[in-house]
Asker: 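The structure follows.
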Amino acid sequence: MGVPASQRLRKQSDFRQIRSQGIRIHCGSFIFQCLQRSEDTAAQSRLSVIASRRVGNAVKRNYGKRMLREIFRKNQAALPPHTDVVIVLRGSYDTQSYAQLEARYLKACGNFSKNIVPTKETEA
RNA sequence: CUCGGCGUGUGGGCGUUCGCUUGUUCCUUCGGGAGUGAGAGGAAAGUCCGGACACCGUAGGGCAGGAUUCCUCGUGAAAACGGGGGCGCGGCAGGGUAACCGGCCGUGACGGAUAGUGUCACAGAAAAUAACCGCCUUGGGACUUGUCUCAGGGUAAGGGUGAAAAGGGGAGGUAAGAGCUCACCGCUGUAUUGGUAACAAUGCAGGCAAGAUAAACCCAAUCCGGUGCAAGGCAAAAUAGGGAAUCUGGCGGCCCGUCUUUGAUUCCGGGUAUGUCGCAUCUCGCUUCGGCGGGAACUUUGCUUCGGCGGGGUAGAUAAAUGAACGCACAGCCAAACGCUUCGGCGGGCGGCGGACAAAAUCCGGCUUAUAGCACUCCGAGGUCG
RNA sequence: CGGGCCGUAGCGCAGUCUGGUAGCGCACUUCGCUGGGGGUGAAGGGGUCGCAGGUUCAAAUCCUGUCGGCCCGA
């Protein structure tokens with residue numbers, strides 16, 4: 001796994017919270033969901049990749065998870081701090097290369113940052 | 001030489017950088033950090049079998065249920081696999097006038113149809129206690145005097161139907177027929193011989209009594225307690241030892257027996273489904289001392305605990321670790337110039353694309369299925385040369 | 001990891017246990033009733049029974065293997 005254990009999402013309650021309160025961005029071959037936690041919790045961003053059986057066999061599922069984890073690891077600076085990310089993989093991911101997936105991921109991160117920053121300013 | 005097929009083996013290599021999981025050593029401000037090792041497969045897959053291991057405790061007996069099924073030898077804990085043989089079926093070539101015979105190759109879930117029950121559509125008289133037509137015959141009647149008709153009897157040789165028609169095709173025999181009789185073949189029983197056995201050969205007898213189906217029920221023999229790592233242990237947390245029904249007994253298919261005992265079972269509702277252990281050092285060969293057993297006192301031989309040496313192996317994740325980027329050669333696919341051409345193509349390689357099937361999840365042994373390319377054995381087809 | 005169920009006409013399902021004719025509803029085609037549509041009536045077409053092999057005279061059905069889909073169990 002390209003991400004250490006402290007940066008993985010594990011609890012069912014975390015998934016439920018992100019699913020209900022987070023922002024969802026469609027990126028073609030995957031769905032990007034994320035939520036910025038309050039600042040008193042752990043400082044690092046966290047990730048989880050979901051690949052259902054509809055995506056393909058075990059080899060295809062694991063390969064997609066690894067690529068997206070690698071993208072997350074290399075581009076942590078693109079995210080606001082202490083953000084939880086859930087990526088739902090779709091079956092058509094293998095039509096795109098690693099570089100194409102990375103570009104879509106960075107675009108989604110940029111959209112998320114633009115959405116989240118003004119709300120923070122109004123709250124402040 | 002090319003192409004195709006069955007099977008077996010192999011299952012992309014090297015290097016740099018950035019990362020993940022984990023064993024171990026050291027340091028630590030107990031958060032972690034540093035060093036050094038290890039890190040998917042032949043099928044990890046499907047979950048079709050068998051076992052180890054764990055728990056339950058009706059593990060005793062019987063019934064039910066399930067599994068297996070020619071013989072023999074070997075490996076193995078068992079499932080299973082392999083060698084050889086027997087029998088049946090199919091194919092090939094050969095011998096023989098023929099019946100048939102032995103040979104090679106392939107193949108078979110290959111116990112039992114005289115233990116019993118069931119089923120056999122349509123067609124057909126009849127589908128398993130066979131009389132429709134036909135053949136033969138007895139008695140009565142009619143008349144055209146050898147035919148018809150009525151009542152009865154015998155007959156499985158012939159007819160057509162069907163997947164299958166009651167041993168086979170001949171000779172004798174008869175009113176017509178019939179294993180009624182006879183020889184051969186086939187069948188059953190029995191004896192002898194050969195073989196460890198399955199089975200085969202021969203003799204004698206019976207005299208056709210015996211259709212198919214057991215991947216229909218079933219019978220015979222052998223084996224099987226149930227549940228499965230979501231087994232189960234520990235720790236922590238949470239909560240309402242709540243409500244209803246049934247039975248007075250309950251207990252993992254049922255009964256007997258046994259054990260325990262005053263509550264038991266089922267349903268509804270609620271809560272928890274977190275961490276950790278299980279969960280990763282075994283196997284093979286040789287051998288010293290010792291122990292047990294065999295043998296006859298010595299020599300010697302079989303098994304085995306703790307050791308020693310050597311070979312091989314040694315992943316342990318849990319929203320689930322093996323990845324990403326780049327470079328170099330080696331396979332493979334597409335393919336531009338250009339050359340040859342019998343105008344069908346062949347050679348050639350600028351350049352581009354780019355690694356088969358598929359990923360551990362308690363472990364092990366099998367089975368089945370999926371597999372690009374390469375190598376090898378065997379088989380088949382085509383071409384060329386001698 | 002361990003269980004269970006289902007693949008039959010375009011769709012939803014019977015038939016499988018107990019072998020022999022593949023059927024029902026909606027949909028589809030043609031025709032009639034109507035000026036047309038809807039509705040209704042009549043007639044008709046359409047199925048390798050998931051795939052492969054085997055048992056049998058004969059397989060959707062029995063047996064074995066395999067592919068796909070669905071569900072349940074802490």
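All figures in this text were calculated on a predicted structure; none of them were measured in a lab. Letters A, B, ... are given to chains in the order of the sequence lines, protein chains preceding strands, and every chain is numbered from 1.
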Asker: Who does B:G373 pair with, Watson-Crick or G-U, both distances under 3.5 Å?
Answerer: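 B:G373 is paired, partner B:U10.
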Asker: Below 4.0 angstrom from OP1 or OP2 of B:G323, is there any side-chain N or O of A:K65?
Answerer: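 Answer is no, no contact under 4.0 Å.
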Asker: When the C1' atoms of B:C379 and B:U362 are considered, how many whole Å apart are they?
Answerer: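 It comes out at 46 Å once rounded to the nearest Å.
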Asker: With the 90 degree cut-off around zero defining syn, does C:G25 come out syn or anti?
Answerer: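 Judged by the O4'-C1' to base torsion, C:G25 sits in anti, the angle falling more than 90° away from 0.
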Asker: Tell me whether B:G206 sits syn or anti, counting syn as a glycosidic angle within 90° of 0.
Answerer: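 That one's anti.
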Asker: Which one is paired to C:A58, where only Watson-Crick or G-U wobble pairs with both distances under 3.5 angstrom count?
Answerer: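 Because no pair has both required distances under 3.5 Å, C:A58 counts as unpaired.
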Asker: Take atom C1' in B:A54 and the same atom in B:G278, then report the distance between them in whole Å.
Answerer: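 B:A54 and B:G278 have their C1' atoms separated by 9 Å.
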Asker: Taking the same atom, C1', in B:C282 and in B:C73, what whole-Å distance lies between them?
Answerer: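 Nearest-Å result for B:C282 against B:C73 at atom C1': 33 Å.
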Asker: Do A:Y98 and A:I87 sit in one hydrophobic cluster, given that two such residues count as connected whenever their side-chain heavy atoms are within less than 4.5 Å of each other, even indirectly?
Answerer: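 Yes, it is one cluster - the side chains of A:Y98 and A:I87 are joined through contacts under 4.5 Å.
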Asker: What is the pairing partner of B:G252, taking Watson-Crick or G-U wobble pairs with both distances under 3.5 Å in any strand?
Answerer: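 Answer to the pairing question: none, since B:G252 forms no Watson-Crick or G-U pair.
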Asker: Scan every strand shown for a Watson-Crick or G-U wobble partner of B:C229, both distances under 3.5 Å, and answer none if you come up empty.
Answerer: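 Across any shown strand, B:C229 pairs with none.
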Asker: Taking A:F32 as the fixed residue, which of A:V85, A:V86, A:V88, A:N111 is the one that meets the side chain to side chain contact (heavy atoms under 4.5 Å, CB included) rule?
Answerer: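 In the set A:V85, A:V86, A:V88, A:N111, the residue that makes a side chain to side chain contact (heavy atoms under 4.5 Å, CB included) with A:F32 is A:V85.
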Asker: Could you let me know what B:U193 is paired to, Watson-Crick or G-U wobble, both distances under 3.5 Å, or none if it's on its own?
Answerer: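 Base-paired to B:A200.
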Asker: Using whole Å, report how far NZ of A:K60 lies from C1' of B:C357.
Answerer: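 It is 15 Å, rounded to the nearest whole Å.
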Asker: Taking a pair as Watson-Crick or G-U wobble with both distances under 3.5 Å, which nucleotide is matched to B:A215?
Answerer: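 Because no pair has both required distances under 3.5 Å, B:A215 counts as unpaired.
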Asker: Rounding to a whole Å, what distance do you find between A:E102:CD and B:G323:P?
Answerer: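 Interatomic distance, CD of A:E102 to P of B:G323: 19 Å.
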Asker: Between SG of A:C34 and CG of A:L47, what distance do you get to the nearest 0.5 Å?
Answerer: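 One finds 11.0 Å between SG of A:C34 and CG of A:L47.
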Asker: Syn or anti for C:A43, with syn set at within 90° of 0?
Answerer: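 Base orientation relative to the sugar is anti.
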Asker: Return the minimal non-hydrogen interatomic distance between A:G64 and A:L89, and the atom names on each side.
Answerer: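 Closest approach of A:G64 to A:L89: CA-CD2, 3.8 Å.
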Asker: Sort me out a list of protein N/O and nucleotides 40-43 of chain B N/O pairs below 3.5 Å, or just none if empty.
Answerer:
unit_1 : atom_1 : unit_2 : atom_2 : d
B:A40  : N1     : A:R66  : NH2    : 3.4

Asker: For A:I31 versus A:R24, what's the shortest heavy-atom pair and its separation?
Answerer: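 Taking A:I31 first and A:R24 second, the nearest heavy atoms are CG2-CG, 3.7 Å.
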Asker: What are the two closest heavy atoms between A:S29 and A:L101, and how far apart are they?
Answerer: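 What the structure gives for the nearest pair is OG-CD2, 3.4 Å.
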Asker: Can you find a pair of side-chain heavy atoms, one from A:T83 and one from A:F112, that are under 4.5 Å apart?
Answerer: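 Yes; the side chains approach each other to less than 4.5 Å.
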Asker: What's the shortest heavy-atom distance between A:V49 and A:R69, and which atoms?
Answerer: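 Between these two residues, the closest heavy atoms are CG2-CG, 4.4 Å.
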Asker: I want to verify a distance call: between B:A358, B:G323, B:A324, whose nearest atom is closest to the A:K74 side chain?
Answerer: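 The listed nucleotide nearest to A:K74's side chain is B:A324.
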Asker: Using heavy atoms to find the nearest nucleotide of RNA chain B for A:A99 and A:S48 separately, return the residue whose nucleotide is more 5′.
Answerer: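 Whichever sits nearer the 5' end wins; that is A:S48.
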Asker: Between B:A319, B:A359, B:G323, which nucleotide gets closest to the side-chain atoms of A:A58?
Answerer: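 In terms of side-chain proximity for A:A58, the closest of B:A319, B:A359, B:G323 is B:A359.
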Asker: How many whole angstroms separate atom CD of A:E70 from atom P of B:G19?
Answerer: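 So the two atoms are 10 Å apart, to the nearest Å.
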Asker: What interatomic distance, in whole Å, is found between P of B:U75 and the corresponding atom of B:A109?
Answerer: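 The answer is 26 Å between these two P atoms.
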Asker: Taking atom C1' in both B:G74 and B:C87, what distance in whole Å separates the two?
Answerer: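 Here B:G74 and B:C87 have their C1' atoms 24 Å from each other.
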Asker: Could you check how far CZ of A:R73 sits from P of B:U21, rounded to whole Å?
Answerer: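 Interatomic distance, CZ of A:R73 to P of B:U21: 11 Å.
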Asker: Nearest to the side chain of A:R69, which nucleotide is it out of B:A320, B:C18, B:A358?
Answerer: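 Minimum distance to the A:R69 side chain belongs to B:A320.
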Asker: Atom CE of A:M67 and atom C1' of B:A325: how far apart are they, to the nearest Å?
Answerer: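 Between C1' of B:A325 and CE of A:M67: 13 Å.
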Asker: In whole Å, what is the span from the CG atom of A:L68 to the C1' atom of B:A324?
Answerer: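 Distance check: A:L68 CG to B:A324 C1' gives 12 Å.
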Asker: Just compare B:A359, B:A319, B:A324 and give me whichever is closest to any side-chain atom of A:Y98.
Answerer: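 Nucleotide nearest to A:Y98's side chain: B:A324.
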Asker: Can you name the nearest heavy-atom pair linking A:E102 to A:N75, along with the distance?
Answerer: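 Looks like OE2-ND2, 3.2 Å.
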Asker: Checking one value: the base orientation of B:G323, syn if chi is within 90 degrees of 0, otherwise anti.
Answerer: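 What B:G323 shows is an anti base, its glycosidic angle lying more than 90° from 0.
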Asker: Could you tell me how far B:C363 sits from B:U281 if I compare only their P atoms? Round to whole Å.
Answerer: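 So the two P atoms sit 13 Å from each other.
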Asker: Let's test this: given Watson-Crick or G-U wobble pairing with both distances under 3.5 Å, identify the partner of C:U64.
Answerer: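 Per the H-bond distance test, C:A52.
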Asker: For B:C3, give the paired nucleotide (Watson-Crick: N1-N3 plus N6-O4 or O6-N4; G-U: N1-O2 and O6-N3; both under 3.5 Å), or none.
Answerer: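 Its partner is B:G380 (Watson-Crick or G-U wobble, both distances under 3.5 Å).
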Asker: Nearest whole angstrom, please: distance from the C1' of B:A319 to the CD1 of A:I87.
Answerer: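 For the pair A:I87 CD1 and B:A319 C1', the rounded distance is 14 Å.
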Asker: Closest-nucleotide mapping onto RNA chain B: is A:N57 or A:V49 further toward the 5' terminus? I mean the 5' end.
Answerer: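 Checking each residue's closest nucleotide, the 5'-ward one belongs to A:V49.
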Asker: Please classify B:G179 as syn or anti, treating any glycosidic angle within 90° of 0 as syn.
Answerer: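 What B:G179 shows is a syn base, its glycosidic angle lying within 90° of 0.
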Asker: Between A:Y63 and B:U322, is there a contact of a side-chain N or O with OP1 or OP2 at under 4.0 Å?
Answerer: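 No, A:Y63 has no side-chain N/O under 4.0 Å of OP1/OP2 on B:U322.
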